[in-house]
Amino acid sequence: MTTLAMQTVSGFRRKRLTALALPLLILLYLTYAFFAFDVPGLTDRVNVGNARTLVADTYSYKTHVTRDNRNGSVQIAIEGERKGRYPEGTSPDWVALGADTVIDLGEGHVVTFGQNVTYDVPGYGLIVTDPGNTGVNAELPDGPVPEWINASGNRLTVTTDAGRLTVTRNRSEVFRYAPGWELFFFTLESPYHDMSWGQIASRAFSGEAGAIWSDFWNNAMWRHGDVAWALVETVLMAFLGTFGAAIIALPLAFLAAKNFTPLGSLRFAARRVFDFLRGVDGLIWTIVLSRAFGPGPLTGSIAILLTDTGSFGKMFSEALENVDEKQIEGVSSTGAKPMQRYRFGVIPQITPVLLSQVLYYLESNTRSATIIGAITGGGIGLMLTQAIITQKDWEEVSYYIVLIILLVMAMDTFSGWLRRKLIKGGGDV
Amino acid sequence: MADLTGTQGATDEIRAQYLAHARSKRVMNLILILLFVAMLGAGFVTADDRNAGGFFEGLPNILDFPADVLSEAYERGHLLPGYLVKYFPSLIETVNIAAVATLIGGLIGLMVSLLVTRGLAPVPFLIGPLRRVLDILRAIPEIVVALVLIYLLGGGPIPAMIAIALHTVGALGKLFSEVNENASLKPLEGLESVGATWPQRMWLGVIPQVAPNYLSYALLRFEINIRASAILGFVGAGGIGYDLRNTMTWGQGKFDEAAAIFLLLFLTIVAVDQLSSVVRNRLTHGAKLQEVHP
């Protein structure tokens with residue numbers, strides 16, 4: 001009795017110790033990782049300015065009004081890009097062109113490009129500059145210089161809530177911010193740019209629907225047509241890769257299943273092939289294949305196909321090992337030949353299992369296709385990496401991210417719908 | 001007699017109906033299969049068209065690159081052990097990224113999973129919104145989060161770790177909540193009757209029932225995360241993927257180092273794969289888990 005009590009007590013003590021040891025181990029490991037990943041140094045590396053640009057760009061855009069101080073020419077461009085430049089002599093309604101260019105930034109903030117460049121800041125006063133060879137020659141109102149003005153001999157920067165003015169010897173530039181994504185539907189070159197939806201609809205009914213669509217589709221800023229193609233390419237990679245892999249893996253899986261291939265060495269070989277295909281991994285397959293086929297959706301498809309042949313082969317052969325022998329016996333009792341036995345005795349049993357696995361992979365491969373596209377160059381993954389590398393088109397980055405999320409969710413819904421339909425419907429497709 | 005012929009007629013009718021039904025079903029299936037094959041074919045042609053190099057032109061060259069790598073690796077085979085040692089720390093970093101992401105993602109996923117399981121959730125009206133959050137976390141490819149974070153936080157393991165952890169929360173949160181649904185509620189009732197609070201009920205009533213399944217799923221996720229971590233390294237997030245890209249962009253002359261990295265990566269993936277499959281088998285006592293897609 002005492003020994004039993006002692007055993008119980010010591011058993012509980014050991015259990016309590018392990019219960020305590022596990023969280024401790026995890027904590028220890030996380031502490032190690034904390035220093036191995038140099039988390040304390042993170043504060044130096046964080047780029048707050050980048051974060052601000054990123055967030056601001058996702059919901060607003062800026063229009064640049066730039067004057068060359070030497071010849072007086074004024075240029076207005078959205079985001080400062082050539083694609084968003086206003087044609088000569090035209091301007092948005094808050095810029096008055098003329099001998100003096102008057103830029104109304106709203107709420108009483110007015111910048112004038114004339115003989116001098118002036119900025120009237122309500123509640124502060126008039127900032128006057130006379131840019132030229134001698135420098136910017138800024139004259140500020142009396143009093144201490146506020147922190148939102150940065151003035152030196154050759155450069156003046158005024159940043160207010162309404163916008164930003166930068167004056168150097170050769171250039172004066174104003175940024176005005178506005179909410180939304182700029183020129184999302186039509187660029188400035190398009191005649192439909194400043195029409196209302198009602199006007200566009202009436203134009204569309206009077207026979208201009210094709211022109212309207214082509215102006216939207218070929219929008220140089222957002223490239224809707226290219227984006228749509230990129231999405232199609234991504235889905236294509238997932239589709240070809242997943243179903244190609246399933247078609248190749250099915251016959252190979254018979255070789256790897258114990259009950260269909262009694263020959264041990266053959267089974268061993270098939271299984272090692274699957275392990276190899278899976279172990280090499282999509283990343284390496286992508287690199288190897290892009291050397292042979294070049295970048296594009298085909299390379300991505302084959303990379304997915306090879307990796308998934310390994311995964312499917314393993315899963316299918318496990319499913320085949322679990323089939324019910326009785327149904328096969330029943331079919332062979334009617335005098336069925338081997339092919340017929342497989343067709344009517346085996347395939348109907350494993351179809352639901354295989355289909356549901358293949359359809360699960362279709363969704364996850366849409367994500368893989370995005371990643372592979374980013375590495376090998378193809379599909380929406382490529383467009384995303386390109387937009388991120390330029391480090392200024394963040395509104396496009398957020399647009400692509402939204403599209404990717406919607407695409408993956410749509411594929412998820414679609415594969416779930418198909419799974420229910422095919423498996424519940426009981427069709428022996 | 002008249003009765004009998006009547007039955008005969010009915011049987012014939014039934015047989016005719018059955019045959020017609022079977023035939024129409026077979027035709028439908030044939031059409032579906034033809035449609036599917038046509039889609040595959042058209043898809044292949046489109047993909048081939050939009051690829052930089054064609055399939056049939058590229059096919060003969062498919063072994064060129066592996067041959068280059070292998071021949072360089074063979075020529076300078078004596079350097080291979082040195083390379084393996086040189087890149088081992090990067091491999092550790094890749095594995096660390098995956099491990100930390102799985103741990104943190106798994107712990108957060110565990111808590112969220114308890115909040116989104118019907119019958120266990122303390123705030124039932126949060127179930128729907130939280131599930132949508134999990135859906136979105138699962139839908140975002142890791143590379144998207146990683147690239148944005150690299151821009152904000154600079155290169156290194158942290159962006160990759162956060163990106164993978166977020167995805168892991170989405171994936172494990174869903175799987176864990178499916179496991180929770182099968183947990184028996186009786187221990188919970190017992191605990192409630194003695195006045196246990198919600199955290200106590202979860203910790204003492206649910207977790208012990210589901211822990212083996214949790215662990216098993218987490219191991220599977222760890223396997224998937226190692227692959228993801230290698231890929232994210234390739235786009236600039238540190239670890240062995242980063243070294244691989246550097247040796248690859250260098251091109252010929254560093255292929256022996258690339259071969260060493262390939263080897264390390266391959267061996268790690270296979271080792272983790274095998275190890276986790278053994279452990280998972282023991283955890284679930286041979287019971288099969290529903291297969292998880294990556």
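Naming: A, B, ... by sequence-line order, numbering from 1 per chain.
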Which atoms of Leu103(B) come close to chain A, meaning under 4.5 Å heavy atom to heavy atom: side chain ones, backbone ones, both, or neither? side chain
Can you say whether Asp64(B) sits under 4.5 Å from chain A via the side chain, the backbone, both, or neither, judging by heavy atoms? neither
Specify the closest pair of heavy atoms between [X] and [Y], including all atoms of both residues, with the distance to one decimal.
X	Y	result
Leu152(B)	Asn50(A)	CD2-C, 3.8 Å
Val100(B)	Ala33(A)	CG2-CB, 3.4 Å
Ala47(B)	Leu240(A)	CB-CD1, 3.8 Å

Please flag which part of [X] lies under 4.5 Å from any non-hydrogen atom of chain B: side chain, backbone, both or neither.
X	result
Ile302(A)	side chain
Ile371(A)	both
Arg45(A)	both
Leu384(A)	side chain
Ile389(A)	neither
Ile372(A)	neither
Phe276(A)	both
Val48(A)	neither

Tell me whether Arg367(A) contacts the main-chain N or O of Arg138(B) through its side chain, where contact means a donor paired with an acceptor under 3.5 Å. yes
Answer yes or no: is there a donor N or O on one side and an acceptor on the other, between the side chain of Asn51(B) and the main chain of Phe293(A), under 3.5 Å? yes
Take Ile97(B) and Phe37(A) through the test side-chain contact (heavy atoms from CB on, under 4.5 Å) and record every step on the way to the result. CA-CA 9 Å; Ile97(B) 291 172; Phe37(A) 288 177; 3.9 Å; yes
Can a side-chain donor-acceptor contact be found between Asn96(B) and Tyr29(A) if the only test is distance below 3.5 angstrom? yes
Would you say Phe239(A) and Leu40(B) make side-chain contact, with heavy atoms under 4.5 Å? yes
Heavy-atom pairs under 4.5 Å with chain B, option from Val397(A), Val232(A), Ile405(A) with the top count: Ile405(A)
Taking every non-hydrogen pair under 4.5 Å, which of Pro297(A), Ser311(A), Ala374(A) racks up the most with chain B? Pro297(A)
